[in-house]
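Residue numbers start at 1 and run along the sequence shown. Read the numbers this way: they start at 1 and go in the same order the structure lists the ligands and their atoms.
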Amino acid sequence: MHFLTLILAAPLLFQGVFAQTFETDILAAKALFNLATYTAQHGYPSGSCTLQNVAIRREWGALSARERKDYINAVKCLASKPNKTPASQFPGARNRYDDFVATHMNQTLSIHGTGNFIGWHRYFTWAYEQALRNECGYKGYQPYWNWAKSAMDPLNSPMFDGSNTSMSGNGEYFFGNQSWVGIPTNDAPDIKIPKGTGGGCVRTGPFKDWQVNLGPVAPVLTYVEKNPDPSGLGTYYNPRCMRRDISQWTSSRWSKDSDISSLINANTDIYPFWSLLQGVSSGYMGVHAAGHFTIGGDPGGDFYTSPGDPTFFLHHAQVDRTWWMWQNQDPVHRTYAVAGTITFSNTPPSRNATLDDLIDLGVNGDAIKLRDTMSTLAGPFCYVYV
Ligand code: CU
Ligand code: CU
């Protein structure tokens with residue numbers, strides 16, 4: 001290889017093989033340092049949680065094979081336990097895992113594009129971690145999926161390589177007659193994600209037999225039938241395989257280390273940070289949306305039913321970590337900062353969200369105030385990220 005070619009190709013090779021995350025690693029280290037300084041000066045926000053007994057959430061690829069298998073087994077255990085959601089509300093919810101999917105579906109339009117978005121999903125992901133620990137004997141903590149680690153080559157990453165220590169791989173090749181997925185919708189696409197090499201059922205790795213029961217409500221795959229529930233809420237029992245179409249096209253554009261670090265560094269105010277993090281606007285995908293559409297498929301690409309794919313919780317732990325990093329660059333001014341209203345993208349127009357707003361998780365957790373989700377060392381929480 002010519003010397004110049006090698007130099008030009010080096011960053012790509014480097015990203016593909018080692019996936020550098022220097023910029024966000026530094027932001028995470030700084031967040032932890034600032035948190036230590038802050039608590040040393042102001043004391044701990046809750047009596048019992050300290051940096052000595054705090055839980056540490058780690059990246060999927062940093063866990064040992066044993067730790068990953070323990071996590072996978074706990075997820076499967078949850079899906080083998082009886083549901084708590086009443087059949088009168090969600091007749092299709094058949095197990096404890098479905099309880100989480102149902103709660104998310106139930107509240108979709110009041111927890112996305114809203115002021116409570118990041119707090120609600122923090123609480124939701126934590127409640128899921130607690131269920132794995134308290135109901136399925138899991139001893140670890142919720143791992144996160146650092147998108148930047150796999151942005152250039154997701155199919156060969158520890159998350160999606162299809163091995164028995166992965167979260168299973170891509171779906172089988174299935175194109176049907178669809179050549180792209182429209183974001184936010186196929187009818188009015190702002191972004192067209194070209195079809196990847198999947199699109200069919202996931203048939204490799206630990207979740208190859210994973211059964212999805214609820215939804216879909218807003219499927220991105222045109223060949224996946226909507227849930228038969230005439231109410232349109234997707235509550236009927238609709239057992240089917242899990243499909244994915246893992247999109248390197250998406251992750252390589254919007255999930256790199258620099259995409260995350262610039263989101264944090266360029267936005268000192270909560271409003272632009274909160275707004276850019278989440279969704280899609282004028283050809284741009286925020287890291288939150290990009291993570292969902294890197295996985296894609298059914299239920300992963302469905303705005304309502306996305307928790308039906310178990311990678312949802314690793315993805316949302318990284319969304320939470322991104323917020324945590326942002327908050328703790330300046331804990332004094334940012335910990336309790338809120339932006340946004342109480343309706344999806346403020347449609348219909350509504351009042352601003354406040355720290356006194358209640359959020360609830362149905363059968364999965366008590367109602368708490370948004371205020372109690374703002375610090376990962378207070379309210380019900382006691383964890384940090386590395
Ligand atoms: Cu959500
Ligand atoms: Cu999400």
* To do: Validate the cation-pi geometry between Arg253 and Trp249: distance from NZ or CZ to the six-membered ring centre under 6.0 Å, angle to the ring axis within 45°.
  => yes
* Asked: Any sub-3.5 Å donor-acceptor pair from Arg244's side-chain atoms to Ile295's backbone N or O?
  -> no
* To do: Could you tell me whether a side-chain N or O of Trp274 sits under 3.5 Å from a main-chain N or O of Thr114, the two making a donor and an acceptor?
  => yes
* Asked: His112 and Phe303: aromatic ring centres closer than 6.0 Å?
  -> yes
* **N, O or S atoms of the protein lying under 2.8 Å from the Cu ion (ligand 2)** => His288 NE2, His292 NE2, His316 NE2
* **Those residues that, when tested against Thr108, pass side-chain hydrogen bond (donor to acceptor under 3.5 Å, both in side chains) (two or more places apart)** => none
* For the residue pair Phe273 and Trp326, does the interplanar ring angle fall in the parallel (under 30°), tilted (30 to 60°) or perpendicular (over 60°) class? -> parallel
* Have a look at His104 and say which of its N, O or S atoms is nearest the Cu ion (ligand 1). => NE2
